[in-house]
Amino acid sequence: MRYDLVIFDNDGVLVDSEPLSNTILAAYLTELGHPTTYEDSLRDYMGAAVHRVHDLVLERSGQRLPADFDEAFHARVFAAFERELEPVAGAVDVLEKLVAAGVPYCLASSGSHERIRVGHRRTGLDRWFDDERIFSSEDVGKGKPAPDLFLYAAERMGVAPGKCVVVEDSPLGVQAALAAGMDVLGFTAMTPAERLVGATELFGDMGELADLLV
């Protein structure tokens, strides 16, 4: 085995949530008077914790988002997840191969524990991830591109950072993994390869991932 621990991002890597959540985020910000396109949302917020939305809106407009923004946004996202969310094609096959090969794995997501669980129940991925394998930016208080979340996941799983590999699809996630001293495999299904600068290797189809891991 090349690594002692595989750390998956969740949104866009395990669950195909990025199109749904970024469409909703762009529409909601526009509704609140902060015009945002789907492309803007992907560029600025993909892979980030929700506090980044607050920070960038305040920085750019001088205005704070409503106090109930997080609650209202997540309600819209969760409703869409319950209707439409699917696992990323090939993700279950990768998990099956890791289990068969005895490779430890977990996930580390900018999303809340509730968001992760809602998505996993809908897609059936909950059978692969018990509570001990799930880590959220809520656990560390500082989201990607800070390395805190990945370092916390490695510590909890009992593996040195240099023995971990991260599977990521966002520039912020790649930056966080590199800052944590970990290899990172960049998934280019939604993100152009040139935006995943610094990734150890790139792949565009989940069918390729198992061969990069074991």
Side-chain angles (χ1 to χ4, degrees), residues 8-88 107-123 125-126 129 131 134-153 168-177 179 187 189-192 195-196:
F8 289 96
D9 176 42
N10 188 54
D11 293 292
V13 171
L14 295 172
V15 295
D16 193 18
S17 53
E18 295 291 8
L20 290 174
S21 60
N22 282 283
T23 296
I24 292 166
L25 178 57
Y28 189 25
L29 287 174
T30 300
E31 178 184 319
L32 293 172
H34 305 285
T36 305
T37 66
Y38 173 70
E39 290 75 19
D40 293 337
S41 185
L42 287 177
R43 181 194 65 227
D44 293 338
Y45 305 121
M46 183 174 167
V50 71
H51 69 75
R52 179 176 171 87
V53 182
H54 290 266
D55 293 344
L56 284 186
V57 168
L58 179 60
E59 177 185 314
R60 291 169 175 175
S61 70
Q63 299 175 347
R64 295 188 183 277
L65 291 170
D68 66 346
F69 176 85
D70 292 11
E71 181 181 356
F73 171 58
H74 287 134
R76 296 182 187 199
V77 169
F78 295 166
F81 281 6
E82 295 288 1
R83 293 191 306 267
E84 305 175 56
L85 189 64
E86 298 292 339
V88 168
L107 75 81
S109 172
S110 293
S112 67
H113 280 282
E114 184 181 12
R115 176 186 173 117
I116 295 165
R117 279 303 184 198
V118 168
H120 282 200
R121 284 195 300 269
R122 159 69 188 183
T123 58
L125 289 177
D126 52 350
F129 291 92
D131 291 343
I134 295 178
F135 306 100
S136 160
S137 61
E138 288 182 323
D139 301 328
V140 295
K142 199 171 186 181
K144 306 167 188 177
D148 303 43
L149 176 57
F150 289 138
L151 292 173
Y152 176 73
E168 264 288 356
D169 70 331
S170 75
L172 294 176
V174 169
Q175 293 170 39
F187 185 36
M190 279 193 61
T191 307
R195 295 200 64 213
L196 301 180

Report task. Go through the steps for Ile134 and Arg117 under the test side-chain contact (heavy atoms from CB on, under 4.5 Å), then give the verdict. Result -> CA-CA 9 Å; Ile134 295 178; Arg117 279 303 184 198; 3.3 Å; yes
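- Within the model, atoms CG of Leu14 and CD1 of Ile116 stand 10.0 Å from one another, a figure rounded to the nearest 0.5 Å.
- Looking at residues two or more places apart in sequence or on another chain, you find a ring-ring contact (aromatic ring centres under 6.0 Å, His included) between Phe78 and His74.
- Nearest heavy-atom pair, Ala176 versus Ala146, reported as atom, atom and distance to 0.1 Å: CB-O, 3.4 Å.
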Requested in this report: Would you sort out whether Val53 and Phe73 count as a side-chain contact (heavy atoms from CB on, under 4.5 Å), showing the intermediate values?
Outcome: CA-CA 11 Å; Val53 182; Phe73 171 58; over 6 Å; no
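- Nearest heavy-atom pair across Ser61 and His34 is OG-CE1, 3.5 Å.
- Open room surrounds CD on Glu71; 12 or fewer heavy atoms of other groups in view lie less than 6.0 Å from it.
- With contacts defined as side-chain heavy-atom distances shorter than 4.5 Å, the pair Met46/Leu172 does not qualify.
- Rounding to the nearest 0.5 Å gives a distance of 15.0 Å between OH of Tyr28 and OG of Ser21.
- Side-chain contact between Val88 and Phe187: present, with at least one pair of heavy atoms (C-beta onward) separated by less than 4.5 Å.
- Contact of the Ser109 side chain with the Phe135 side chain is not registered, since no non-hydrogen atoms from C-beta on lie closer than 4.5 Å.
- Looking at heavy atoms from C-beta onward, Thr191 lies out of side-chain contact with Ser170 at the 4.5 angstrom threshold.
- Here His54 pairs with Phe69 under the ring-ring contact (aromatic ring centres under 6.0 Å, His included) rule; sequence neighbours left out.
- Under the 4.5 Å side-chain criterion, counting only non-hydrogen atoms from C-beta, Glu86 is in contact with Arg122.
- With sequence neighbours left out, Thr36 forms a side-chain hydrogen bond (donor to acceptor under 3.5 Å, both in side chains) with no residue at all.
- Applying the side-chain hydrogen bond (donor to acceptor under 3.5 Å, both in side chains) criterion to Asn10, with sequence neighbours excluded, gives His120.
- Evaluation of the salt bridge (Lys or Arg N to Asp or Glu O under 4.0 Å) test over residues 9-29, restricted to residues two or more places apart or in two chains, returns Asp9-Lys144, Asp11-Arg115.
- Atom CD in Glu114 sits 11.0 Å away from atom OG in Ser136 (nearest 0.5 Å).
- Counting heavy atoms from C-beta on, the side chains of Leu29 and Leu65 come closer than 4.5 Å.
- Looking at Arg52, its side chain never comes within 3.5 Å of a backbone N or O of Tyr45 through a donor-acceptor pair.
- Residues Val15 and Gly119 share a closest heavy-atom pair of CG1-O, 4.3 Å.
- Between the Arg195 side chain and the Pro171 main chain, no donor and acceptor come within less than 3.5 Å of each other.
- Proximity of Met190 to Leu42: side-chain heavy atoms (C-beta onward) are separated by under 4.5 Å at one or more points.
- Considering every non-hydrogen atom in both Ala26 and Tyr38, the closest pair reads CB-N, 3.8 Å.
- Sequence neighbours left out, the pairs with a member in residues 34-51 that pass salt bridge (Lys or Arg N to Asp or Glu O under 4.0 Å) are Asp40-Arg43, Asp44-Arg60.
- For Ser41 against Asn22, the heavy-atom pair with the smallest separation is OG-OD1, 2.6 Å.
- Between the Ser110 side chain and the Gly47 main chain, a donor and an acceptor come within less than 3.5 Å of each other.
- Judged by distance alone, with hydrogens and angles left aside, the side-chain atoms of Glu138 form a donor-acceptor pair with the main-chain N or O of His113 at under 3.5 Å.
- The minimum heavy-atom distance between Ser137 and Gly143, with the atom names listed, is CB-CA, 4.1 Å.
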